[in-house]
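Here is the structure we will look at, set down as structure tokens.
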Amino acid sequence: MWQRPGRRRHGPRLLAPEELTDAAVFAERAGPNGVLAGARIADALAGGTGWGEVWAFGDPGAIRSLCWFGGTLIPVGVEGGDIAALAARLRSRGRGCASIVGEAGVALELWAALETHWPAPRSIRHDQPLMAIGTRGSVEPDPLVRLAALAEIESVLPAAVAMFTEELGFSPLRDGPGYRQRVTDLLARGFTYIRTEPPAGHAPPASAGRADAPVLFKTDLGAVIGANAQIHGV
């Protein structure tokens with residue numbers, strides 16, 4: 001979105017494709033709050049099929065904040081008057097999204113400006129901690145948690161559906177095949193870890209690699225950019 005010289009741009013601008021690399025770098029440098037948006041931008045750079053747009057405040061080469069707008073709305077570094085400007089832009093689009101994810105103060109201020117224009121939410125989470133660790137944990141890792149294979153989709157999917165349903169109160173399968181495809185994509189990318197049937201002593205489980213092994217534990221690297229990863233779907 002361009003403007004005539006001398007006129008001040010108040011709202012966010014849609015980034016051109018050639019600016020997405022700068023946007024991914026900005027998100028990665030934002031730390032834990034930038035991982036989710038950064039991963040979406042990185043996927044777009046890699047030619048991913050998911051729909052989304054990146055809006056930013058600041059001139060080309062000098063991004064000061066940004067927002068991923070797709071199935072999820074993810075502001076990164078947005079503060080002050082830029083929150084109101086972003087809300088105004090969102091109202092002008094005339095559509096909602098599945099969720100708003102970000103720092104509580106920003107997400108709640110955005111929602112306050114959008115709630116009379118967007119559909120009613122299923123829930124508002126005022127306190128949902130985002131925890132970060134950058135060193136080796138003090139708890140010894142479970143040696144029986146392993147990378148899941150794509151062939152194990154029929155075992156992993158029920159565990160993923162159960163996690164989603166218990167957290168949000170409805171099955172993700174009710175809206176069609178999209179959730180199954182998401183689980184499949186994570187498996188194909190090597191982003192899903194599982195533990196299967198009870199071990200005998202400390203030996204690897206006999207079910208390792210079996211497509212029908214019952215899943216006792218599952219988690220995903222739901223968003224990855226650079227050296228940062230966000231753990232989802234536990």
Side-chain angles (χ1 to χ4, degrees), residues 32 35-52 68 70-72 74 97-101 121-123 125 128-234:
V35 174
L36 192 55
R40 299 291 184 270
I41 297 168
D43 284 347
L45 282 166
T49 58
W51 177 87
W68 170 267
T72 300
I74 314 170
C97 59
S99 57
I100 301 175
V101 177
R122 294 189 181 95
S123 66
R125 300 182 181 183
Q128 185 176 10
L130 174 62
M131 297 175 285
I133 186 169
T135 59
R136 180 181 175 86
S138 60
V139 177
E140 284 299 312
D142 184 342
L144 298 174
V145 172
R146 60 180 175 80
L147 189 65
L150 179 57
E152 295 176 291
I153 176 65
E154 299 304 336
S155 293
V156 174
L157 183 62
V161 170
M163 174 280 304
F164 186 105
T165 304
E166 289 165 12
E167 180 178 355
L168 298 180
F170 64 94
S171 171
L173 300 180
R174 72 178 193 181
D175 295 323
Y179 189 74
R180 182 188 177 94
Q181 186 59 53
R182 169 65 174 164
V183 173
T184 301
D185 290 345
L186 289 168
L187 287 168
R189 297 176 70 179
F191 282 179
T192 297
Y193 290 80
I194 61 174
R195 176 173 173 165
T196 48
E197 65 185 17
H202 295 286
S207 57
R210 259 180 39 208
D212 61 344
V215 173
L216 305 180
F217 169 83
K218 179 201 75 74
T219 192
D220 307 307
L221 304 183
V224 178
I225 181 169
N228 302 316
Q230 214 175 84
I231 305 301
H232 294 181
V234 179

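We count residues from 1, following the sequence as given. Source: prediction; values computed, not measured.
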Exercise: identify the closest heavy-atom pair between [X] and [Y]:
X    : Y    : value
W68  : G52  : CZ2-CA, 3.5 Å
L187 : A148 : CD2-CB, 3.5 Å
G71  : C97  : O-CB, 3.5 Å
V161 : P172 : CG1-CD, 4.0 Å
A229 : L221 : CB-CD2, 4.4 Å

Approximate separation, where rounding is to 0.5 Å, of [X] [atom1] and [Y] [atom2]:
X    : Y    : atom1 : atom2 : answer
I194 : L144 : CD1   : CG    : 11.5 Å
T219 : M163 : OG1   : CE    : 8.5 Å
I231 : Y193 : CD1   : OH    : 8.5 Å
T196 : F217 : OG1   : CZ    : 12.5 Å
T192 : D220 : OG1   : CG    : 4.0 Å

| said: Applying the side-chain contact (heavy atoms from CB on, under 4.5 Å) criterion to I74, which one of I41, I100, L36, V35 satisfies it? | reply: L36
Counting N and O atoms only, with roles assigned by atom type, does the side chain of [X] sit under 3.5 Å from a partner on the main chain of [Y], one being a donor and the other an acceptor?
X    : Y    : answer
Y179 : A160 : yes
K218 : G233 : yes
S171 : L173 : yes

| field | Over-ring placement of R182 relative to F164, 6.0 Å and 45° cut-offs | value | no
| Between D43 and R189, does a salt bridge (charged side-chain N to carboxylate O under 4.0 Å, His left out) hold up when you go through it step by step? | CA-CA 12 Å; D43 284 347; R189 297 176 70 179; 3.2 Å; yes
| task | Answer yes or no: does atom CZ of R136 have more than 12 heavy-atom neighbours from other residues, nucleotides or ligands under 6.0 Å? | result | no
| Salt bridge E152-R146, side-chain N to carboxylate O under 4.0 Å | yes
